[in-house]
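Note that this is a predicted model, so its numbers are computed, not measured. By convention here, the first residue in the shown sequence is residue 1.
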Amino acid sequence: MKRKFLCLLLALTMVLGLAATVSAEERYTSGDWTYTFSEGELSIISYGGSDTNVVVPEKLDGHPVRILGWGLTPAFSGVKNTMTSITLPEGLTHIERQCFKNCAKLTSVTLPSTVAYISSSAFEGCTKLAEVELNEGLKTIGDFAFLNTALTSLYIPASVTDIEMDAIGYTGEWGNTDRVDDFTIYGYADTTAERYANRNYFTFVDMGANYDNSGRCGDSLRWEFTAATGTLL
């Protein structure tokens, strides 16, 4: 009961904060996209088109897209029952709260290398989402980010330093969640990925222990992967 109350209180606080922020920002429209532009950052609020394969532009009106999803309504609510794929641009840094919530036909997502933050409930309710490729350089995965998806496993890069409550491997609703049976976390030892897996009693597979981190291709090319930085040399 205490946990449920705290979750509801957190949700209310976030909603009120976002409402105040969005109401104070001027909105603009470019094609099918509605956005705000403040302090040099462009934040997409919503998509108003009808494509099933949606491509988020790198720029709108000459400004790079940095933040996707902003406000009280999920950015893709208009196509939540029809959108099957999403292409995200390089330069994107934030996927905001509830951005893709309840996009019921979205099956896979690949994050560009620049994304650093996935906010709470960003992909909640994407019930057919079975494949997610998280980028090296990602730092935060928010509360309930992948709640109620079709994921049965996930690779979490070593760059991730914060995985919040019930972010991965859970079904249910805020304050009343259940772990996904036999969920597997892939990652590296002594990282946030391993700690999250252990804390939530998920199977953890250490990529460093099970896969080569270096090797050769022919006689002249040698490669080495550094887990701590996500760098391939």
Side-chain angles (χ1 to χ4, degrees), residues 18 21-22 25 28 30-47 49 51 53-71 74-76 79 83-101 103 106-124 126 129 131-146 149 151 154-164 167-168 185-188 191-193 196 207 223-233:
L18 284 172
T21 301
V22 172
E25 303 241 348
Y28 306 90
S30 179
D32 293 326
W33 304 94
T34 300
Y35 69 92
T36 64
F37 186 72
S38 177
E39 297 181 356
E41 286 198 327
L42 189 150
S43 306
I44 286 178
I45 295 174
S46 64
Y47 171 68
D51 292 343
N53 302 303
V54 178
V55 178
V56 180
E58 290 190 12
K59 293 183 178 181
L60 289 173
D61 296 333
H63 304 294
V65 173
R66 298 298 188 214
I67 300 170
L68 184 59
W70 192 252
F76 296 92
V79 289
M83 181 174 66
T84 58
S85 71
I86 185 77
T87 301
L88 302 174
E90 287 293 327
L92 185 70
T93 60
H94 291 63
I95 298 177
E96 281 295 344
R97 182 176 180 270
Q98 298 187 16
C99 183
F100 294 98
K101 187 174 182 178
C103 287
L106 188 63
T107 59
S108 64
V109 170
T110 299
L111 300 188
S113 65
T114 48
V115 171
Y117 302 95
I118 301 174
S119 294
S120 61
S121 297
F123 294 94
E124 179 183 344
C126 295
L129 183 62
E131 297 182 15
V132 173
E133 185 175 336
L134 302 179
N135 59 299
E136 302 290 347
L138 180 67
K139 296 184 181 301
T140 298
I141 304 174
D143 295 326
F144 315 107
F146 294 97
T149 68
L151 290 171
L154 189 64
Y155 165 69
I156 300 176
S159 59
V160 174
T161 57
D162 185 20
I163 305 176
E164 297 178 3
I168 303 161
I185 299 287
Y186 293 88
Y188 292 91
T191 64
T192 300
Y196 180 83
M207 300 287 285
W223 60 270
E224 182 174 351
F225 178 70
T226 304
T229 61
T231 302
L232 183 64
L233 300 175

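- Val79 places none of its side-chain heavy atoms less than 4.5 Å from the side chain of Asp51.
- Under the 3.5 Å distance criterion, the side-chain polar atoms of Ser120 are left unmatched by any main-chain donor or acceptor of Phe144.
- Under a 3.5 Å cut-off, the side chain of Arg66 and the backbone N or O of Ser43 do not form any donor-acceptor pair.
- The backbone N or O of Glu131 sits nowhere less than 3.5 Å from a side-chain atom of Ser108 that would complete a donor-acceptor pair.
- At a threshold of 4.5 Å between non-hydrogen side-chain atoms, the residues Val56 and Leu68 count as touching.
- For Glu90, the CD atom counts as densely surrounded, since its 6.0 Å shell holds more than 12 non-hydrogen atoms of other residues, nucleotides or ligands.
- How far CE of Met83 is from SG of Cys103: 3.5 Å, rounded to the nearest 0.5 Å.
- Glu124 CD to Asp143 CG: the interatomic distance, rounded to the nearest 0.5 Å, is 10.5 Å.
- Judged by distance alone, with hydrogens and angles left aside, the side-chain atoms of Ser119 form no donor-acceptor pair with the main-chain N or O of Glu96 at under 3.5 Å.
- Aromatic ring pairs are classed by plane angle as parallel below 30°, tilted from 30° to 60° and perpendicular above 60°; the pair Phe123 and Phe100 is parallel.
- Residues Val55 and Trp33 share a closest heavy-atom pair of O-CZ2, 3.5 Å.
- Across all their heavy atoms, Gly187 and Ala193 have their closest contact at CA-CB, 4.4 Å.
- Proximity of Leu88 to Thr110: side-chain heavy atoms (C-beta onward) are nowhere separated by under 4.5 Å.
- With a 4.5 Å cut-off on side-chain heavy atoms, Val160 and Leu134 do not count as touching.
- To the nearest 0.5 angstrom, Thr191 atom OG1 is 10.0 Å from Ile185 atom CD1.
- The CG atom of Leu106 sits 9.5 Å away from atom CZ of Phe76, with the distance rounded to the nearest 0.5 Å.
- Across all non-hydrogen atoms, the minimal contact from Val65 to Pro57 is CG2-O, 3.3 Å.
- Once rounded to the nearest 0.5 Å, the distance linking CD of Glu136 with CD1 of Ile156 reads 11.5 Å.
- Shown here for Leu138 and Tyr117, the closest heavy-atom pair between the two residues is CD1-N, 3.9 Å.
- In terms of heavy-atom proximity, Tyr28 sits nearest to Phe37 at CE1-N, 4.1 Å.
- Under the side-chain contact (heavy atoms from CB on, under 4.5 Å) rule, Ile168 has a single partner from Thr149, Val132, Leu154, which is Leu154.
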Just do the side chain to side chain contact (heavy atoms under 4.5 Å, CB included) check on Asp32 and Val54 with the steps written out, would you? CA-CA 11 Å; Asp32 293 326; Val54 178; over 6 Å; no
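- Residue Ile118 holds its CD1 atom at 11.5 Å from CG of Asp162, rounded to the nearest 0.5 Å.
- Side-chain contact between Thr84 and Thr107: absent, with no pair of heavy atoms (C-beta onward) separated by less than 4.5 Å.
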Side chain to side chain donor-acceptor pair (under 3.5 Å), that's the test. Do Asn135 and Ser113 meet it? Break it down for me. CA-CA 5 Å; Asn135 59 299; Ser113 65; over 6 Å; no
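- Contact record, Gln98 with Pro74: O-CB, 3.0 Å, taken as the closest heavy-atom pair.
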